[in-house]
*Asks:* 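Encoded as structure tokens, here's the structure I'll be asking about.
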Amino acid sequence: MIARDNLINAHLPEDEVGDYSFTAVGQGGAEPAGKTYAYHAHHRAQLFQIVRGSLRLETEGGYFVVPPERGVFVPSGVLHEVTYLQETERSYLFFRPEAVADLPMQVSVIGTTPLLRELILAFMEIPRSDAGGPPAERLAAVIIDQLQTSPVAPLSLPSPMSDRLRTIATDIRDEPGEEWPLQELASRAAMSSRSFQRHFQSETGMSFRAWRQQAKLLKAVEWLAAGKSVGDIAFSLGYSGSSAFIAVFRAAFGTSPGQYFQGTPTGCRSGAATNSAE
């Protein structure tokens, strides 16, 4: 059971002045559907663990969907906005920056293995008043060690940097099932179709076609987490049928949509992760 004082908002100053002296501080609880925390940053690095529900996290460089039994690691000082897509049960762990200096400096969605979930739960059971004690410090060290080898889930989408392409990308991301003819999008950006595709790849590192498919897949994961049927998702995203959608989903995630929340996807690649305090 989560310790009572870990259900209280953690005091998180914007810099090291007045910060806790210990490695990690935990905070558990729930968020209502639709709750948004506008762009902000923390001095401490943050790990979200999603027990139930889902969230969307956006940074200046990308967009991330975090469904159940996954987490997202946000390095120190990274501006981010968080929207809870459903009623969500979550745990936060906040780490001193120097304690996670060996983890990547970019946001990462990770598969939270059964061991990592149990370690986080054990940490949350230690009262915050004892978070600087030897048992909590040992647990924090093991959690950080586990993060270094946690599977990274392909649940991110890079954002274009220019305003004209970012606006178009946001529209597609929000309504990925729309046809969005290439010529129409290029015209909105005051470009030729060829120039549009070239600039889009230059700014995102992905071809426009691959980016649009990834936008559909992230929306699919978001809808699966909300309980939408595979058939409805396939139709809403413009696939010719459920089998076509399932084939694309399996190629991306290594498992079928129906099995995606039954465990850590086999398609995840190994690697370190990427005040109500979100």
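Keep in mind it's a predicted model, so treat the numbers as computed, not measured. Quick note: numbers below take in every heavy atom, side chains included, and nothing from hydrogens, waters or symmetry partners.
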*Asks:* Can you tell me how far the CG atom of Leu121 sits from the CD1 atom of Ile126, to the nearest 0.5 Å?
*Replies:* 10.5 Å
*Asks:* Are Thr59 and Leu79 packed together at the side-chain level, in the sense that at least one heavy-atom pair is separated by less than 4.5 angstrom?
*Replies:* no
*Asks:* Between CG of Leu218 and CD of Gln213, what distance do you get to the nearest 0.5 Å?
*Replies:* 11.0 Å
*Asks:* Can you pull out every ring-ring contact (aromatic ring centres under 6.0 Å, His included) where at least one residue sits in residues 219-240? Sequence neighbours excluded, please.
*Replies:* Tyr239-Phe245
*Asks:* Main chain of Gly26, side chain of Arg128: is a donor-acceptor contact present, judged purely on distance under 3.5 Å?
*Replies:* yes
*Asks:* Quick one: does any side-chain atom of Thr36 pair with a main-chain N or O of Thr83 as donor and acceptor, under 3.5 Å?
*Replies:* no
*Asks:* Can a donor-acceptor pair be found, under 3.5 Å and without considering hydrogens, that links the side chain of Trp180 to the backbone of Ile168?
*Replies:* no
*Asks:* Could you give all pairs that pass the salt bridge (charged side-chain N to carboxylate O under 4.0 Å, His left out) test and reach residues 182-198, with sequence neighbours left out?
*Replies:* Asp171-Arg188
*Asks:* Taking the side chain as every heavy atom from C-beta outward, state whether Gln49 and Met124 have any pair of such atoms under 4.5 Å apart.
*Replies:* no
*Asks:* Just by modelled atom types, is the Ala189 backbone N or O under 3.5 Å from a matching donor or acceptor in the Arg164 side chain?
*Replies:* yes
*Asks:* When you compare the side chain of Val107 with that of Val72, does any pair of heavy atoms fall below 4.5 Å?
*Replies:* yes
*Asks:* Start with the C-alpha gap between Glu31 and Thr88, add the side-chain angles, then the distance that decides, and say whether side-chain hydrogen bond (donor to acceptor under 3.5 Å, both in side chains) holds.
*Replies:* CA-CA 5 Å; Glu31 301 285 355; Thr88 299; over 6 Å; no
*Asks:* Does atom CZ (Arg166) have a neighbourhood of more than 12 heavy atoms from anything else shown, all under 6.0 Å?
*Replies:* yes
*Asks:* Assess whether side-chain contact (heavy atoms from CB on, under 4.5 Å) is satisfied between Leu103 and Phe95, documenting all intermediate values.
*Replies:* CA-CA 11 Å; Leu103 295 182; Phe95 301 98; over 6 Å; no
*Asks:* For Asp174, does the CG atom have more than 12 heavy-atom neighbours from other residues, nucleotides or ligands under 6.0 Å away?
*Replies:* yes
*Asks:* Considering only heavy atoms from C-beta outward, does the side chain of Pro67 approach that of Leu224 to under 4.5 Å?
*Replies:* no
*Asks:* Quick check: does any side chain N or O of Ser76 sit under 3.5 Å from a backbone N or O of His43, one acting as donor and the other as acceptor?
*Replies:* yes
*Asks:* Would you kindly confirm whether Leu55 and Val51 end up in one hydrophobic cluster when ILVMFWY residues are joined by side chain heavy atoms under 4.5 Å apart?
*Replies:* no
*Asks:* Under 4.5 Å between any side-chain heavy atoms of Thr170 and Tyr63, yes or no?
*Replies:* no
*Asks:* Quick one: side chain to side chain donor-acceptor pair (under 3.5 Å) pairs with a partner in residues 136-147, sequence neighbours left out?
*Replies:* Thr23-Glu137
*Asks:* Could you check whether any side-chain N or O of His80 sits under 3.5 Å from a backbone N or O of Tyr39, counting only pairs where one atom can act as donor and the other as acceptor?
*Replies:* no
*Asks:* Would a distance-only check, ignoring hydrogens and angles, find a side-chain to backbone donor-acceptor pair under 3.5 Å from Glu203 to Ser162?
*Replies:* yes
*Asks:* If you apply the rule side-chain contact (heavy atoms from CB on, under 4.5 Å), what do you find for Leu116 with Leu147, and how did you get there?
*Replies:* CA-CA 8 Å; Leu116 182 56; Leu147 289 175; 4.0 Å; yes
*Asks:* For residues 5-21, which residue pairs pass the salt bridge (charged side-chain N to carboxylate O under 4.0 Å, His left out) check, not counting sequence neighbours?
*Replies:* Asp19-Arg44, Asp19-Arg96
*Asks:* Can you tell if the side chain of Leu139 reaches within under 4.5 Å of the side chain of Leu119, non-hydrogen atoms only?
*Replies:* yes
*Asks:* What distance do Asn6 atom CG and Met1 atom CE have between them, rounded to the nearest 0.5 Å?
*Replies:* 13.0 Å
*Asks:* Give me the atom names and distance for the closest heavy-atom approach of Ala131 to Ala136.
*Replies:* O-CB, 3.3 Å
*Asks:* Determine the minimum heavy-atom distance between Thr204 and Ser159, stating which atoms define it.
*Replies:* CG2-C, 4.1 Å
*Asks:* Mind jotting down which residue pairs meet the salt bridge (charged side-chain N to carboxylate O under 4.0 Å, His left out) criterion with at least one end in residues 216-235? Sequence neighbours excluded, please.
*Replies:* Lys219-Glu222
*Asks:* So if I apply the ring-ring contact (aromatic ring centres under 6.0 Å, His included) rule between Tyr92 and each of Tyr37, Phe48, Phe73, which one comes out positive?
*Replies:* Phe48
*Asks:* For the residue pair Leu217 and Phe249, establish whether any side-chain heavy-atom pair is separated by less than 4.5 Å.
*Replies:* yes
*Asks:* Going by ring pair (Phe, Tyr, Trp, His ring centres under 6.0 Å), name the residues that satisfy it together with Trp211, two or more places apart in sequence or in a different chain.
*Replies:* Phe200
*Asks:* Just how far is it from atom CD1 of Ile110 to atom CG of Leu155, taken to the nearest 0.5 Å?
*Replies:* 11.5 Å
*Asks:* Should the heavy atoms of other residues, nucleotides or ligands under 6.0 Å from CD of Glu179 be counted, would the total exceed 12?
*Replies:* no
*Asks:* Enter the distance from Ser192:OG to Gln183:CD here, rounded to the nearest 0.5 Å.
*Replies:* 8.0 Å
*Asks:* Work out which heavy atom in Ala10 is nearest to a heavy atom in Val25; give both atom names and the distance.
*Replies:* CB-CG2, 4.1 Å
*Asks:* Got Ile120 and Leu47 here, is their nearest side-chain heavy-atom distance under 4.5 Å?
*Replies:* yes
*Asks:* How long is the gap from CD on Glu178 to OG on Ser236, to the nearest 0.5 Å?
*Replies:* 10.5 Å
*Asks:* Is it true that the NZ or CZ of Arg70 lies under 6.0 Å from the centre of Tyr260's six-membered ring and within 45 degrees of the ring axis?
*Replies:* yes
*Asks:* Which of these, Arg90, Glu87, Gln86, sits in a side-chain hydrogen bond (donor to acceptor under 3.5 Å, both in side chains) with Ser54?
*Replies:* Gln86
